[in-house]
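Here's the structure we're looking at; comments come further down.
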There are 2 protein chains.
Amino acid sequence: MATIKDVARQAGVSVATVSRVLNSAGYVHEDTRKKVEDAILALNYSPNEVARSLYKRKSKLIGLLIPDITNPYFPQVARGVEDEMRENDYRIIIGNSDENEQKELDYLQTFTQNNVVGVITLTNNPDTNTYTSFSLPVVFLDRTSHDKPSVYADGRQGGRLAAEAIIAGGSKEVTIMQGPAHVKPAQDRYQGAVEALEEAGMDYHVIQTSTFSFHNVDVLAKNLFDTYPSTDGVIASNDLAAIAVIHEAVKRGRRVPDDVQIVGFDDIPISGLLSPALSTIRQPAYEMGRAAARLLIHLIDNKHNMENYIQFPVEYIERNTTRKVARN
Amino acid sequence: MATIKDVARQAGVSVATVSRVLNSAGYVHEDTRKKVEDAILALNYSPNEVARSLYKRKSKLIGLLIPDITNPYFPQVARGVEDEMRENDYRIIIGNSDENEQKELDYLQTFTQNNVVGVITLTNNPDTNTYTSFSLPVVFLDRTSHDKPSVYADGRQGGRLAAEAIIAGGSKEVTIMQGPAHVKPAQDRYQGAVEALEEAGMDYHVIQTSTFSFHNVDVLAKNLFDTYPSTDGVIASNDLAAIAVIHEAVKRGRRVPDDVQIVGFDDIPISGLLSPALSTIRQPAYEMGRAAARLLIHLIDNKHNMENYIQFPVEYIERNTTRKVARN
DNA sequence: TTGTACGCGTTATCAG
DNA sequence: CTGATAACGCGTACAA
């Protein structure tokens, strides 16, 4: 790797001059600039970001902490973050926390050790000391905090919409899957669903779910139908769960949506391709990722002209796991 | 952030000594070690990786270049890479190339600019100048190269297995989806399928597909049935395509697998949860990611005691989109 | 308009 | 066993 010194020598100038043309700072004669640029090309030089970062005490790196990239919802948001960051010349270090506080801490430390200029985190513990005493700008994505910059979807409204869809479709014995207790947005959805159901004067069952991963959703779905075999409407905690529920329902010979309606949450990309295609509440994951990235960049640049709490609306996507109803 | 100097001052020793205890290098008296450790704790010090990296000209970072994290196959391999790397104290910078050579180059540059010690890449262009003249250890994942360290699955065999499954299930008019021309493993699968079909003396159609992304698989599937409406067996280029094919088939009132058999490729996590669950050729994506990481670490450590070409076997997973046949 | 010299936080060498 | 000190590659006063 060529260094700035090599370029300087090749161009017959000092390193300071090279640095100047590199950063288009200060004055530099047109001719010398040309010489330097030629040298750069000739040597295929590109500046060492590490040295730069050491000197400036900040890099062009940001940290992204997600629960588990393997969960189909997260790649969308990760991609949104990445795209926006890339357009602004930032790169990302990524870590999977598995919702494990130790891993979370480890990664946060890695981030600071590498001079990242900010982090975007999808955490269940926004209010722990970890974050409150964190010295860099942090944007909380998906899992909100009151007084800190955050980007999230209107989970409560999402829960309502889901319940309303199920109700409109005529289900009489609804079961709500109440996502993991420690996952805030899951509880919001649950809240919203409960509210709508109660306002409609409907009875409902609740199934507690402890995880959002692939491994357990199938047993969860079994569980659901074992416990409430005659349920005819399921408000799933997310699309993954919903898919498992469809699977289990079909396996038990129950027709979807004729015998059981099912509505998911997230609208992961696969949902529209299922058979039957999943009716669900859409969160704009990709856009949320982008928004979080934009917000973080603003914070990094110390621009405080941006709203710190960005709530995204949520939308009911009617597909084929709910019964069509006439709309007015 | 406390620096090594702060620690030295606090402990009443020189930075050299602190460095020694940090790296457990050289001799340091038990008592002084204690003092230093106390100081470290007191100041909540952790070494600046950037400075370290500058001096040693290498970091604890590796670069991971994938086509698109949004495609459900890749998170698995990314996760495998991450887990293995993490266990070895490496962290990863991730980039989505979108199979775009410019982006690929950009990221490769970022990687070197940040002193990564190696890269794992899923690229279609392993033999371009980009890589042949790359100065760091590189492991090619999934998309192979002859003479360079690589980890891949036996796509050809996979294609055969897929075809054999379809044949065994009794399909008479098979259609093969031939993945993107520039994606080597897709062509391998195609090869294998063709071979098996021809050996069995069967006729078949071919549908050319140009991408692996979510956006186009549905029109692809439409296309397939528009062109070959009476096809009764589809060998999909991957699970995503297969899912779209199921969707389209069901939409057209064709029963799966009674009227059409379908077999996928990859075995992405969702495949087993579909209804009907997808019969597919399994590639151990997560393990492949891990293997690539291990291989890269070996290369970094200059251990040449490891096989440089790691081929993973592939496996037919019979689920419900193929007809059950008696096995001997 | 250009060059010299210092510092960013570490590690390694070498003298003590 | 310990402490100065020179690098690592870059950016920026400050001087010229």
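Every chain is numbered from 1 and lettered A, B, ... according to where its sequence line falls, protein lines coming before strand lines. Quick caveat, the model's predicted, so the values are computed rather than measured.
Comparing B:Arg52 and A:Ala51, the nucleotide of DNA chain C nearest to each residue sits closer to the 5' end for A:Ala51.
Looking at B:Arg33 and B:Asp38, no side-chain N of the basic residue comes within less than 4.0 Å of a carboxylate O on the acidic one, giving no salt bridge. Taking the charged nitrogens against the carboxylate oxygens, A:Glu49 and A:Arg52 do have a contact shorter than 4.0 Å, which makes a salt bridge. A salt bridge between A:Arg290 and A:Glu87 is present, with a side-chain N of the basic residue lying under 4.0 Å from a carboxylate O of the acidic one.
The distance between atom CG of B:Leu54 and atom P of D:dG11, rounded to the nearest whole Å, is 12 Å. Atom pair B:Lys5:NZ and D:dG3:P shows a separation of 16 Å (rounding to whole Å applied). In this structure, the CZ atom of A:Arg57 is 14 Å from the C1' atom of D:dT12, given to the nearest Å. In this structure, NZ of A:Lys56 is placed 18 Å from P of D:dG9, rounded to the nearest angstrom. Look at CG on A:Asn115: it is 18 Å from P on D:dG9, rounded to the nearest Å. Atom-to-atom, CD1 of B:Ile4 to P of D:dG3 comes out at 12 Å; the value is rounded to the nearest Å. Rounded to whole Å, the distance from CD on A:Glu49 to C1' on D:dG9 is 11 Å.
In this structure, OH on A:Tyr309 lies 9.0 Å from NZ on A:Lys148, to the nearest 0.5 angstrom. For the atom pair CD1 of B:Ile297 and CZ of B:Arg294, the computed distance is 8.5 Å after rounding to the nearest 0.5 Å. Rounding to the nearest 0.5 Å gives a distance of 9.0 Å between OG1 of B:Thr17 and NZ of B:Lys35. Interatomic distance, A:Ser59 OG to A:Arg91 CZ, rounded to the nearest 0.5 Å: 11.5 Å.
Contacts between residues 13-20 of chain A and DNA chain D, defined by a heavy-atom separation under 4.0 Å, are made by A:Ala16, A:Ser19, A:Arg20. Within residues 21-38 of chain B, the residues approached by DNA chain D to less than 4.0 Å at the level of any non-hydrogen atom are B:Tyr27, B:Val28, B:His29, B:Thr32, in residue-number order.
Remark: A:Asn302 engages A:His304 in a side-chain contact (heavy atoms from CB on, under 4.5 Å) (not counting sequence neighbours). For the ring-ring contact (aromatic ring centres under 6.0 Å, His included) test, residues two or more places apart in sequence or in another chain that qualify with A:Tyr131 are A:Phe140.
Remark: the backbone N or O of B:Ala2 is not paired with any side-chain donor or acceptor of B:Asp6 at under 3.5 angstrom. Proximity of a side-chain donor or acceptor of B:Asn100 to a complementary backbone N or O of B:Gln102 within less than 3.5 Å is detected. Here the side chain of A:Asn125 pairs no donor or acceptor atom with the backbone of A:Thr128 at under 3.5 angstrom.
Within a 6.0 Å sphere centred on NZ of B:Lys184, heavy atoms belonging to other residues, nucleotides or ligands number 12 at most.
Counting 5' to 3', DNA chain C first comes under 4.0 angstrom of a heavy atom of chain A and last does so at the ends given by C:dT1 to C:dG9.
Between the side chains of A:Thr70 and B:Gln76, a donor-acceptor pair is found at a separation under 3.5 Å.
Rounded to 10°, the helix from C:dT1-D:dA16 to C:dG16-D:dC1 has 50° between the axis fitted to its first five pairs and the one fitted to its last five.
Close to D:dC10, at under 4.0 Å from its OP1 or OP2, lies a side-chain N or O of A:Tyr45.
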